[in-house]
*Asks:* 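First, the structure itself, so that you have it in front of you.
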Amino acid sequence: MNENIFTIHALPKLNAKYSLGDLDVRAKFAIAICYAISIAIAKTPGAFFLASVLPVALAFTLSNSSIRTLAKINLLNLFMIATMILTFPDFHKGFKAALILTLRLNFTCVVFAKFFETANYIPDAKFVPEKIRVLLILTIRGIFVIQDCLHSSILSVRMRARNLHGVLKWKVFAYVIASSILRSEARSEKMLLAIKMRGGFAGFEQVRELNWKFSDSVICVLSGIYVTGIFLA
């Protein structure tokens with residue numbers, strides 16, 4: 001006999017199935033924007049303390065790529081802090097202003113990084129014709145193909161002739177550019193042939209329709225209460 005999904009034993013299973021990646025992208029965008037606005041106008045210590053709850057909770061679940069991005073941002077923050085300390089007439093005021101800007105930037109970046117690192121799809125833009133979307137996707141793919149060909153050609157030249165100078169260097173550079181374009185054209189033709197062999201562009205859909213769920217509404221309401229608390233703190 002099947003177990004009733006509404007029993008107490010089934011609640012952990014229901015909770016385990018839901019993650020932040022299941023949140024509708026529109027809800028993510030609205031929550032992130034409202035949170036960023038609340039951080040931008042927060043001034044009191046209570047507001048900053050309340051605003052730190054969400055990014056601190058999300059910081060432990062960030063992916064490695066998001067952590068590396070935050071590390072690079074904070075390297076720039078160190079330069080900004082030093083600049084503000086040296087340029088402000090008062091050392092303490094400069095340090096305080098730099099610290100506030102650093103907190104605002106880190107809190108906002110953590111929330112945006114966590115909300116959108118799991119957004120592995122693009123919402124369906126019905127106002128854009130499908131052929132234009134396919135053309136944009138293939139154009140971006142073609143740019144990466146040219147980049148790969150150019151990178152491999154330059155690497156090959158560096159391994160075979162490290163001491164090029166003068167006119168010969170510019171000739172080799174021109175040959176590298178020309179050969180990269182020709183190789184990328186050949187790869188693009190093969191890609192077009194593969195698309196035609198698989199049925200052409202019919203059904204070439206790279207998006208999925210948005211689906212607003214009841215859980216999205218609940219999370220948006222809770223987030224609205226949280227942001228309102230930051231405003232009032």
Side-chain angles (χ1 to χ4, degrees), residues 15 18-88 92-128 133 136 140 206-233:
N15 294 333
Y18 186 81
S19 64
L20 190 59
D22 298 327
L23 189 63
D24 192 278
V25 68
R26 294 168 292 184
K28 292 181 181 181
F29 186 78
I31 294 171
I33 291 296
C34 292
Y35 178 80
I37 294 175
S38 67
I39 286 293
I41 65 176
K43 295 181 180 179
T44 63
F48 277 104
F49 178 77
L50 185 60
S52 66
V53 175
L54 179 61
V56 169
L58 296 178
F60 295 99
T61 61
L62 289 176
S63 63
N64 293 332
S65 60
S66 298
I67 293 175
R68 288 193 294 267
T69 302
L70 287 174
K72 294 177 182 178
I73 292 174
N74 281 285
L75 287 178
L76 296 177
N77 283 338
L78 293 177
F79 177 76
M80 180 268 296
I81 292 173
T83 303
M84 295 186 68
I85 290 176
L86 295 175
T87 55
F88 265 61
H92 297 287
K93 290 183 178 179
F95 181 76
K96 181 180 179 181
L99 181 61
I100 291 175
L101 286 177
T102 302
L103 289 176
R104 286 174 174 170
L105 183 60
N106 276 278
F107 288 172
T108 306
C109 288
V110 167
V111 172
F112 272 87
K114 183 58 184 177
F115 274 25
F116 295 103
E117 72 182 7
T118 54
N120 55 1
Y121 67 94
I122 305 172
D124 191 6
K126 297 184 181 300
F127 55 89
V128 180
R133 284 183 276 168
L136 289 175
I140 295 173
Q206 296 293 319
V207 296
R208 72 183 188 189
E209 294 184 358
L210 298 174
N211 181 23
W212 187 276
K213 302 178 291 295
F214 177 74
S215 58
D216 299 327
S217 302
V218 173
I219 294 178
C220 284
V221 171
L222 295 177
S223 301
I225 297 173
Y226 175 66
V227 172
T228 303
I230 298 175
F231 278 116
L232 298 178

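This chain uses plain numbering: 1 for the first residue, then up along the sequence.
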*Asks:* Are any of the side-chain heavy atoms of M84 and M80 separated by less than 4.5 Å?
*Replies:*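 The answer is yes, as the side chains (C-beta and beyond) meet within the 4.5 Å cut-off.
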
*Asks:* Mind checking the CZ-OG1 spacing from F49 to T44? Nearest 0.5 Å is all I need.
*Replies:*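 Here the rounded value is 12.0 Å.
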
*Asks:* For side-chain contact (heavy atoms from CB on, under 4.5 Å), just list the numbers for I100 and K96, CA-CA rounded to whole Å, side-chain angles, deciding distance to a tenth of an Å, and then say yes or no.
*Replies:* CA-CA 6 Å; I100 291 175; K96 181 180 179 181; 4.2 Å; yes

*Asks:* With no hydrogens and no angle check, is any side-chain donor or acceptor of D216 less than 3.5 Å from a backbone partner on K213?
*Replies:*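 Yes, the answer is positive, given that a donor and an acceptor are paired below the 3.5 Å cut-off.
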
*Asks:* In Å and rounded to the nearest 0.5 Å, what is the OG to CD1 distance from S52 to I230?
*Replies:*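 Rounded to the nearest 0.5 Å, the OG-CD1 separation comes to 9.0 Å.
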
*Asks:* Show your reasoning for whether side-chain contact (heavy atoms from CB on, under 4.5 Å) applies to C220 and W212.
*Replies:* CA-CA 11 Å; C220 284; W212 187 276; 3.6 Å; yes

*Asks:* When you measure from the side chain of R104 to the backbone of A42, do you find a donor-acceptor pair of N or O atoms at a distance under 3.5 Å?
*Replies:*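 Yes; at least one donor-acceptor contact below 3.5 Å.
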
*Asks:* Around atom CZ of F29, are there more than 12 heavy atoms from other residues, nucleotides or ligands closer than 6.0 Å?
*Replies:*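 Atom CZ in F29 is not crowded, with 12 or fewer foreign heavy atoms closer than 6.0 Å.
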
*Asks:* Between the side chains of T69 and S66, is a donor N or O closer than 3.5 angstrom to an acceptor N or O?
*Replies:*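 No, no side-chain donor-acceptor contact under 3.5 Å.
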
*Asks:* Without swapping roles, check the side chain of K28 against the backbone of F115 for a donor-acceptor pair under 3.5 Å.
*Replies:*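 Yes; at least one donor-acceptor contact below 3.5 Å.
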
*Asks:* Indicate yes or no for a side-chain donor-acceptor contact from K93 to the backbone of F88 under 3.5 Å, with no hydrogens or angles considered.
*Replies:*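 No, because the side chain of K93 does not come within donor-acceptor range (under 3.5 Å) of the backbone of F88.
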
*Asks:* Within a strict 4.5 Å, meaning less than it, do heavy atoms of the I33 and F112 side chains meet?
*Replies:*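 The answer is yes, as the side chains (C-beta and beyond) meet within the 4.5 Å cut-off.
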
*Asks:* Tell me whether Y226 contacts the main-chain N or O of Y35 through its side chain, where contact means a donor paired with an acceptor under 3.5 Å.
*Replies:*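 Judged by distance alone, no pair lies under 3.5 Å.
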
*Asks:* Between N74 (side chain only) and L70 (backbone N and O only), is there a donor and an acceptor less than 3.5 Å apart?
*Replies:*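 Side chain of N74 to backbone of L70: a pair is present.
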
*Asks:* About how many Å separate OG of S38 and CG of L50, when rounded to the nearest 0.5 Å?
*Replies:*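 L50 CG to S38 OG: 9.0 Å, rounded to 0.5 Å.
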
*Asks:* State whether the side chain of T108 and the backbone N or O of L105 hold a donor-acceptor pair below 3.5 Å, judged by distance alone.
*Replies:*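 No, the answer is negative, given that no donor and acceptor are paired below the 3.5 Å cut-off.
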
*Asks:* Tell me whether the count of non-hydrogen atoms from other residues, nucleotides or ligands lying under 6.0 Å of CZ in F95 goes above 12.
*Replies:*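 12 or below, so no.
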
*Asks:* Any chance you could measure N77, atom CG, to T102, atom OG1, to the nearest 0.5 Å?
*Replies:*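 Interatomic distance, N77 CG to T102 OG1, rounded to 0.5 Å: 4.5 Å.
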
